[in-house]
2 protein chains.
Amino acid sequence: MTTSQSGDSPAGSGDAQKKLRPARTNATRQKLFEASMELIGERGAAGVTVDEIATAAGVSKGTVYYNFGSKSDLIAQLLRHGVDILMARLLSVRDDSADPLAAMEEMIGQAMDFMAEYPSFARLWVSENWRTPSEWQDTFAELRGRLLAVIGSAIDGVAAAYPVDPAVSRGSLETAIFGACFVVGLDRQTYNPERTREQSVAAIMASMRGYVVKQPPARA
Amino acid sequence: MTTSQSGDSPAGSGDAQKKLRPARTNATRQKLFEASMELIGERGAAGVTVDEIATAAGVSKGTVYYNFGSKSDLIAQLLRHGVDILMARLLSVRDDSADPLAAMEEMIGQAMDFMAEYPSFARLWVSENWRTPSEWQDTFAELRGRLLAVIGSAIDGVAAAYPVDPAVSRGSLETAIFGACFVVGLDRQTYNPERTREQSVAAIMASMRGYVVKQPPARA
DNA sequence: CTATTTGAACTGACTGGTCAGTTTAGTTAG
DNA sequence: CTAACTAAACTGACCAGTCAGTTCAAATAG
């Protein structure tokens, strides 16, 4: 409220211009994102102090409050940051429409890669996603919607090219696949590091193969 | 550590006798489990105070430390308590061996019922399960193993009765199904209350139908 | 080309408050 | 009679957020 830095604080949550911001700030924010993701993924949002985050980022506590208005804001923007990265990867899958099932498989592979590269983000997501009420409820709802839309359209692609089981609702399937990506990715990193990327993808893809109602272009 | 209540504290984490304990204590512990599950599911283990738990359970703070040695102990035993309930439900599914797929489906249904009845436990589980390092790491590893064993044997039943896709490893499939149960259950409660139990079960069962390698009992 | 100014970015000590866990003396119920 | 529980005060650590002050690069002035 009574924030009064010497200059105008850029902490604005509704940040309009990302690129226009001086280089130093962007670097600082990036460092803060990385440190936060790591620490919060390990010990949970409530279990990490702002001091720790600042120290890990090689920055003073005040800088955190200069760049973000509050711990809560930092986390909200961290969530957006991570989802931006994941979305970019999912959308990088060319929608060949040659084979929607193959596109789906590649997408799941991209998701697995993301989980392997940012396991802390995945932990943060599953830790806070279903809390209710939570400070980030709206943020989660929005981001979840965006991600599910991408998966949903991939499922639609499959449903358009193959006969599918009408007893399986698209929404539930979206959720099951989306959730399985997080959980399988996290389990691999935590309990089964020997599991390969391909095994994990295959296990998740099983639901897609069970969704299409077997027959023509299955193999060969 | 330096715990020393007036009487001999029964807080022992390696509690041998549950039933031998006087009725009052069991009732108190039950109330504390319920209150903890609710609060911790909502705000996370670190976000809830012992005072709050005690108040919600209608009990004094000292009682918490009398029955459990610490907040950490309370949570560890809470995890065991919840898993006991879930295990009992999963094992209640009669292994007809008439149709292993049907048994699997009923098991997933039981899991969905559990998630609907104890959503807070599910939240607690996914919130803390993949943290590393964590005070409950060993507890989680053990409980996870127990649950996966049950699911695994159900999968084995299917694999024994149907031709299955060898490219899908049993372990990854276990994980995917186990995780999907939690995630689909939580998503239903948080974001899609209109989703039916059957839709959710069908979505998760899709992976089992994709696991068996086409043919006889697909469709008329 | 040097001196001065400006203000965004950053610092870190400090404050007010919270919390886990302890202790004690007394009360209740089986 | 004794295990279980209460109530309330206390400790020591910790933490989110604040704010007065510092740094420095770039703009402006001489």
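Every chain is numbered from 1 and lettered A, B, ... according to where its sequence line falls, protein lines coming before strand lines. The shown structure was predicted, so the numbers you read here are calculated from the model rather than taken from an experiment.
Between dA9(C) and Thr28(A), no contact under 4.0 Å exists linking OP1 or OP2 to a side-chain N or O. Residue Asn67(A) has no polar side-chain atom (N or O) positioned under 4.0 Å from OP1 or OP2 of dA9(C). Remark: Ser60(B) is in phosphate contact with dT6(D), judged by side-chain N or O atoms under 4.0 Å from OP1 or OP2.
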| request: Please report the C-alpha distance between Asp113(B) and Arg89(B) in whole Å, then the side-chain angles of each, then the deciding distance to 0.1 Å, and finally whether the salt bridge (Lys or Arg N to Asp or Glu O under 4.0 Å) criterion is met. | output: CA-CA 9 Å; Asp113(B) 290 343; Arg89(B) 299 210 180 186; 5.5 Å; no
Produce the list of close N/O pairs, under 3.5 Å, pairing protein atoms with atoms of nucleotides 14-16 of chain D; give distances to one decimal.
from    : atom 1 : to       : atom 2 : distance (Å)
dA16(D) : OP1    : Val48(A) : O      : 3.4
dA16(D) : OP1    : Lys71(A) : NZ     : 3.1
dA16(D) : OP2    : Val50(A) : N      : 3.0
dA16(D) : N7     : Lys61(A) : NZ     : 2.8

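One interatomic measurement links the two molecules: OH of Tyr66(B) to C1' of dG26(C), which rounds to 15 Å at whole-angstrom precision. Taking atom CD1 of residue Ile40(B) and atom P of nucleotide dA20(C), one finds them 10 Å apart after rounding to whole Å. Between Asn26(A) atom CG and dC10(C) atom C1' the separation is 15 Å, expressed in whole Å. The distance between atom CD1 of Ile53(B) and atom P of dC19(C), rounded to the nearest whole Å, is 12 Å. Protein atom CD of Glu135(B) is 12 Å distant from nucleotide atom P of dA20(C), rounded to whole Å.
A distance-only check finds a donor-acceptor pair linking the side chain of Ser127(B) to the backbone of Ser127(A) [under 3.5 Å].
Ring geometry, Trp125(B) versus Phe178(B): the interplanar angle exceeds 60°, so the pair is classed perpendicular (tilted spans 30 to 60°).
Taking the nucleotide of DNA chain C with the nearest heavy atom to each of Ser72(B) and Thr63(A), the more 5' of the two is matched to Thr63(A).
Considering all non-hydrogen atoms of both residues, Ser207(A) and Ala206(B) come closest at O-CB, 3.5 Å.
Between the side chains of Ser172(B) and Thr175(B), no donor-acceptor pair of N or O atoms lies under 3.5 Å.
Seen from the ring of Phe182(A), Arg123(A) does not count as a face-on cation partner, given the 6.0 Å and 45° thresholds.
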